[in-house]
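Here is how names work: the chains are called A, B, and so on, in the same order as the sequence lines, proteins then strands, and each is numbered from 1.
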Amino acid sequence: MALQWHNHRKLTTLLLKCTTQLSMKQLLQIHAQLLTYAPLSLDPNRIAVKLIGVCGAHSKLRHAALVFSQLPNPNVFAWNAILKAYAQNNQWAHTLRYFNYQLSSPTAPDPDEYTFTSVLKACAGLVAVPHGLMIHSFIIKGGFESNLFVQNSLADMYFKFGCPVVARQLFDEMPVRDLVSWNTLVSGYCLVGDIDSAKWFFDQMVEKNLISWSAMVTGYARSGNLDAARQLFDDMPERNVVSWNAMIAGYAQNEKYSDAICLFREMQQVSGLGPNDVTLVSVLSACAHLGALDLGKWIDWFINRSGMELNLFLGNALADMYAKCGCIAEGRRVFDLMQERDVISWSIIISGLAMHGHAQEAFGFFYEMLECRVKPNEVTFMGLLSACTHAGMVDKGLKYFNLMSQEYGITPMVEHYGCVVDLLSRAGRLDEAEDLINSMPIKPNVIVWGALLGGCRIYKDIRRGERVVQRILELDSAHSGSYVYLANVYASMGRLDDAANCRLRMRDNGVMKTPGCSWIEVDNTVHEFFMGDRSHPQSEKIYLKIKELGLKMKLAGYKPNTDLVVHSIDEEEKEDVISTHSEKLAIAFGLISMSEGTTIRVVKNLRVCNDCHNATKIISRIVGREIVVRDRSRFHHFKDGRCSCNDYW
DNA sequence: CATCTCGGGG
């Protein structure tokens, strides 16, 4: 007993003196030891503060809560420790819950200025304005507003509330300012989009640190000025993971996915810094957009190898990457693996299943989600509606559309209307589609009208089409789809002069079609192809392959589709007979550069056209390989001459 | 008496 007591004292003394970061494993061992002799502890609060701090740093909040709950009389240090643990891990609602608990508990100590830094951070993160204002007055009453940390936290909170004027007044009235005060101002102005003020204060700063620079990089990136962001990034005297993350995220959020991936490689090769979870979230998002499955898989492997925890953000990004790269089964595997899931996790799987045409399973996940008491949001319903669209389930779609507002109080956005109009139009219920548009409480956009126009094209409703084109051109006089539609209608009626005229008008108005573009990842590099592209170094071989395929296809009974009216709004144009659609180039390149039997995965920026769809079906049979094409709206899995979409897309 | 605030994300 004496020996154990001695060991116990030694352990606690060591623990309290310990300044280096403890690993979670060490912590658990120490905690177990301490628990055994808990009644003998000299000062449980001092030990608990230390332990909770370690738990917080390792995001082990359940363990932190456990340690806290074992304290018979938590003092203000212990309360501050638990509040900080939650606040620094973005668990703001929990932070506020503990704070309320502290206020309402008669035995709990009164909060101090340390308490408020965490609580204000939580209010800021939640944008809980009433809470924040209440706590501000609480702080004034308690006389804590003279504390520099509290002042900085308050200024930060008001920026996050979108009140730069209040924040600025607080800053101006501060008798003493430190680097954090200035950084708060710079990042605050960046946050509210006042990049000029941010830059002005940034330039005023005599002393800057990594945070100042990184905040400015993020500010420029978020304002869309990637060149300025990159310039600052290059000018930084030193960089850490956060600086690299800021620039990588900047590229990813501005749709510069290849640049994001490039910089990610540079980070590892040049800086020697390892990526963290935030880095990987951005890179995974780039992979998802590009369909870069190999890199995505490598990141999955990297996460497992490094023992990185699959947190909510990372799990969502990984599941989304798999779903958007055509591996919905892998996406579900990741989803099952996750310890914590939110509405976004569920929505990712639901829209992933929808994209792959698995409507029933998507509905199943929705009901499971409800059983787990996760409240669906607008993104969830977009997934459900697109599941209905891709399966042609009109009435089911209308049911969900009504359910979202009636049952869940979610006001449909223009995107939801677009989805339902698309659903009705494809089914030929053009009257209902048009009525829905006319009854919209918000202004319909080009996408909504375009969906109806698509229906007019399929069902050859020329009168309605004319009307719709007019509405679209009022919104966007350079809407290429409308001109293409008109030209095609005229051509189909034999009015070739009108068709030609339409083309001329299109040219005169400077109408540019979005160039069709497809890409494929081979050996960890994304290769990009435009329509009729001959810029690829292997162009010669690619066109030879296409020629070879063309011969085999002819023998297999394939006839190119020459019906002009078939051309849809989102398709690449086929003005030039000899031009080749981009997905054919990408598929051909995949066939010549990837080993026998591997699945060819291609991503296309527009919708795949009828002709290419037919051609790809036959190619999949001829070469005996699976070809997966992700187009603008969904996945097509081509195999043995068939497509998973059953020709409905 | 030991604790705090500012930068990166699906």
Which nucleotide in dC4(B), dA2(B), dG8(B) has an atom nearest any side-chain atom of Ala249(A): dG8(B)
Report yes if at least one side-chain N or O of Gln151(A) is closer than 4.0 Å to OP1 or OP2 of dT5(B); otherwise report no. no
Between side-chain atoms of residues 291-301 of chain A and protein atoms elsewhere (two or more places apart, or another chain), which donor-acceptor pairs fall under 3.5 Å?
from      : atom 1 : to        : atom 2 : distance (Å)
Asp300(A) : OD1    : Asn304(A) : ND2    : 3.4
Asp300(A) : OD2    : Tyr322(A) : OH     : 2.7
Asp300(A) : OD2    : Arg333(A) : NH2    : 3.3

From dG9(B), dG7(B), dC4(B), pick the nucleotide closest to the side chain of Phe149(A)? dC4(B)
So, OP1 or OP2 of dT3(B): does either fall under 4.0 Å of a side-chain N or O from Arg46(A)? no
Just N and O in the side chain of Lys50(A): are any of them under 4.0 Å from OP1 or OP2 of dT3(B)? no
Does a nitrogen or oxygen in the side chain of Lys84(A) sit under 4.0 Å from OP1 or OP2 of dT3(B)? no
Does a distance-only test, which skips hydrogens and angles, find a donor-acceptor pair under 3.5 Å between the side chain of Asn240(A) and the base of dG8(B)? no
Let's see if you can work this out: which of dT3(B), dG9(B), dC6(B) has an atom nearest to the side-chain heavy atoms of Phe77(A)? dT3(B)
Gln339(A) atom CD, neighbour heavy-atom count above 12 within 6.0 Å: no
Strand contacts (DNA chain B) in residues 171-185 of chain A, 4.0 angstrom heavy-atom criterion: Val180(A), Asn183(A), Thr184(A)
From C-beta outward on Asp112(A), which listed nucleotide comes closest to its side chain: dT3(B), dG7(B), dG8(B)? dT3(B)
For Asp112(A), check side-chain hydrogen bond (donor to acceptor under 3.5 Å, both in side chains) against everything at least two apart and list the hits. Asn80(A), Thr115(A)
Given dG7(B), dT3(B), dG8(B), the nucleotide with the shortest approach to the side chain of Lys160(A): dG7(B)
